[in-house]
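Inspection log for the structure reproduced underneath, given as structure tokens.
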Amino acid sequence: MRGVGALAVVGEHLTTWAMPWLRPTSFNLGVYGVLVFFLVSGYIIPASLERRGGVRAFWIGRLFRLYPLYLLVIAVVLALSWWIPVREEVPREAASVVAHATMLMDAIGVAGVLNTMWTLSYEMVFYLLVAALFVTGVRDRGALLPVLFGLICAVTGLALSGAPLSGGWLAWLSFAVFVVGLVGVISGRAITAGSCVLGVMALVLVLVSSRVPWFAAGILAVMFAGTAIRRWERGDGRLWPVAVSAVLVTATPLWAINAGWWWVQPDVWSLTIVLAGATFAAGMAWRTRRVPALLTWLGTISYSLYLVHLPILLVVMQLAGEMRWSPLPMQIGVSVLFLGVLLPASWLSHRFVEQPLQRFGRRLADRRSGAARVLA
């Protein structure tokens, strides 16, 4: 499913630039892919945390899973900035640096150096919330969280036109809390307190400083819907709240003050959500059967595919120029060339950046867990 989601995002950006005739307009291909990603994260991440049995090992694993490639891609983008300027929306100030350091850019209203990085903000928010729920023993067997965030989505859409709070001080404050909280958790000196402080911070940022509060709350409703589906599947939860949250998130653009984009028009937005949900349901139905090797491979490299594709596309765009009105054979040829570079590059970054650092993170987590058991 992650491979499908990543390919959808790649397809959205590629067709927008090179093949607009192939880009669907009845739904948003990129948002569809992102929603699939979020459903999968909601389904997997809490289960992963419970399987690890503690937030220390969880956070070590997450940091080594996300940051190495993320930082490398940022470095590449900055290294190319003399040729391909960084997005104008990115603030040229130190607050932007610390916002990227926490991955909470979108939650504090700061644009990422790549416009795909906004999704990582809500992945991080979700991790912070899930860790806080774990240490406090909240398992949400009633599946109230997706409904709660669905209601927040509906209310904030009606009440807020933008973020109530903004400014560089948010980046610095969230950075300080993020660092101190994670140090407390990973060191083992303040696991519960650190996790709770981080979770409260994440929730507050979503409500008062995210770029579009109703959309941020809707994303969390989608992710916690994935969690609820997992618990229902295991016979430890209910499914109807998922449907309620889906209705709330789907309907919010009907009355949201800030909903002027084409892809949140009621017909487009609802079809996008339906397709994402149907894809996730199809993946669940198929999970006990043999999965095509290509899909498994794409899922394996999906994080690299997601982060690496845009820098490569920007380079190709710079070299090829405007493609929307080029002859069809040229559009197809350049697109095939782009994919021919992207897929091997994604595999290489997964093989030589992601995998080694993930293995190191697992060894470090195992050593810390072993040391903790000895001390106990």
Side-chain angles (χ1 to χ4, degrees), residues 6 9-20 23 28-31 33-34 66-124 162-163 166-172 174-175 209-212 260-263 303-326 330-331 333-335 337-346 348-349 353:
V9 175
V10 172
E12 170 69 15
H13 293 142
L14 178 59
T15 56
T16 300
W17 166 65
M19 296 183 290
R23 185 190 187 201
N28 187 300
L29 186 61
V31 175
V34 165
L66 297 179
Y67 273 93
L69 184 61
Y70 169 76
L71 295 175
L72 177 61
V73 168
I74 290 176
V76 169
V77 171
L78 295 179
L80 292 173
S81 61
W82 62 272
W83 181 34
I84 305 172
V86 176
R87 303 168 64 205
E88 293 182 2
E89 298 90 338
V90 180
R92 269 58 171 178
E93 57 187 42
S96 180
V97 176
V98 296
H100 281 78
T102 61
M103 287 193 185
L104 292 170
M105 300 86 67
D106 209 76
I108 54 178
V110 175
V113 295
L114 288 174
N115 61 13
T116 50
M117 288 180 173
W118 70 269
T119 63
L120 300 181
S121 297
Y122 298 106
E123 288 278 348
M124 183 60 73
S166 62
W169 64 273
L170 279 168
W172 287 104
S174 59
F175 175 75
S209 63
S210 57
R211 288 189 168 197
V212 184
W261 326 297
W262 72 269
W263 50 270
Y303 185 55
S304 284
L305 196 63
Y306 186 79
L307 279 184
V308 168
H309 83 272
L310 203 49
I312 294 176
L313 183 59
L314 290 173
V315 170
V316 174
M317 289 169 63
Q318 194 75 7
L319 294 172
E322 179 59 66
M323 293 293 298
R324 284 177 293 177
W325 296 282
S326 298
M330 184 175 293
Q331 290 181 347
V334 171
S335 299
L337 176 64
F338 162 70
L339 293 173
V341 173
L342 172 62
L343 293 175
S346 299
L348 288 170
S349 63
V353 178

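Taking OG1 from Thr16 and CE from Met19, the interatomic distance works out to 10.0 Å, rounded to the nearest 0.5 Å. For the atom pair CG (Leu104) and OH (Tyr122), the distance works out to 9.5 Å, reported to the nearest 0.5 Å. Note: Leu339 CG to Leu313 CG = 9.5 Å, rounded to the nearest 0.5 Å. Note: Ser166 OG to Ile108 CD1 = 11.0 Å, rounded to the nearest 0.5 Å. Interatomic distance, CG of Asn28 versus CH2 of Trp262, reported as 4.5 Å (0.5 Å rounding). Rounding to the nearest 0.5 angstrom, the gap separating the CG atom in Leu307 from the CG atom in Leu66 is 9.0 Å.
Minimum heavy-atom separation, Val113 to Met117: CG2-SD, 3.8 Å. Taking each heavy atom of Gln331 and Arg324 in turn, the nearest pair found is NE2-O, 3.1 Å. Shortest non-hydrogen contact noted between Ala171 and Ala95 is CB-O, 3.4 Å. Across all their heavy atoms, Val110 and Ser96 have their closest contact at CG1-OG, 4.0 Å.
For Ala18, the side-chain contact (heavy atoms from CB on, under 4.5 Å) partners at least two apart in sequence or on another chain are Leu14, Met323, Ser335. The side-chain hydrogen bond (donor to acceptor under 3.5 Å, both in side chains) search around His13 returns His309, not counting sequence neighbours. Partners of Ala163 by side-chain contact (heavy atoms from CB on, under 4.5 Å), not counting sequence neighbours: none found. Applying the side-chain contact (heavy atoms from CB on, under 4.5 Å) criterion to Ser81, with sequence neighbours excluded, gives Val86. Judged as a salt bridge (Lys or Arg N to Asp or Glu O under 4.0 Å), and not counting sequence neighbours, the contacts of Glu89 are Arg87. For Glu123, the salt bridge (Lys or Arg N to Asp or Glu O under 4.0 Å) test picks out no residue, with sequence neighbours left out. For Ser304, the side-chain hydrogen bond (donor to acceptor under 3.5 Å, both in side chains) partners two or more places apart in sequence, or in a different chain, are Ser349, Glu354. Remark: Trp261 pairs with Trp263 by the ring pair (Phe, Tyr, Trp, His ring centres under 6.0 Å) rule, at least two apart or across chains. Remark: Leu348 engages Phe352 in a side-chain contact (heavy atoms from CB on, under 4.5 Å) (not counting sequence neighbours).
The shortest distance between side-chain heavy atoms of Leu314 and Leu114 falls below 4.5 Å. For the pair Tyr306 and Leu69, the minimum side-chain heavy-atom distance is 4.5 Å or more. Side-chain contact between Asn115 and Leu310: present, with at least one pair of heavy atoms (C-beta onward) separated by less than 4.5 Å.
Listed for the Thr102 side chain is no donor-acceptor partner under 3.5 Å among the backbone atoms of Phe175.
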When you look at Val316 and Leu337, which way does the side chain to side chain contact (heavy atoms under 4.5 Å, CB included) test go after all the steps? CA-CA 9 Å; Val316 174; Leu337 176 64; 5.9 Å; no

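For residues 305-318, there are no salt bridge (Lys or Arg N to Asp or Glu O under 4.0 Å) pairs, not counting sequence neighbours. Pairs passing the ring pair (Phe, Tyr, Trp, His ring centres under 6.0 Å) check and including a residue from residues 68-91, sequence neighbours excluded, read Tyr67-Tyr70. Applying the salt bridge (Lys or Arg N to Asp or Glu O under 4.0 Å) definition to pairs two or more places apart or across chains, those involving residues 91-118 are Asp106-Arg211.
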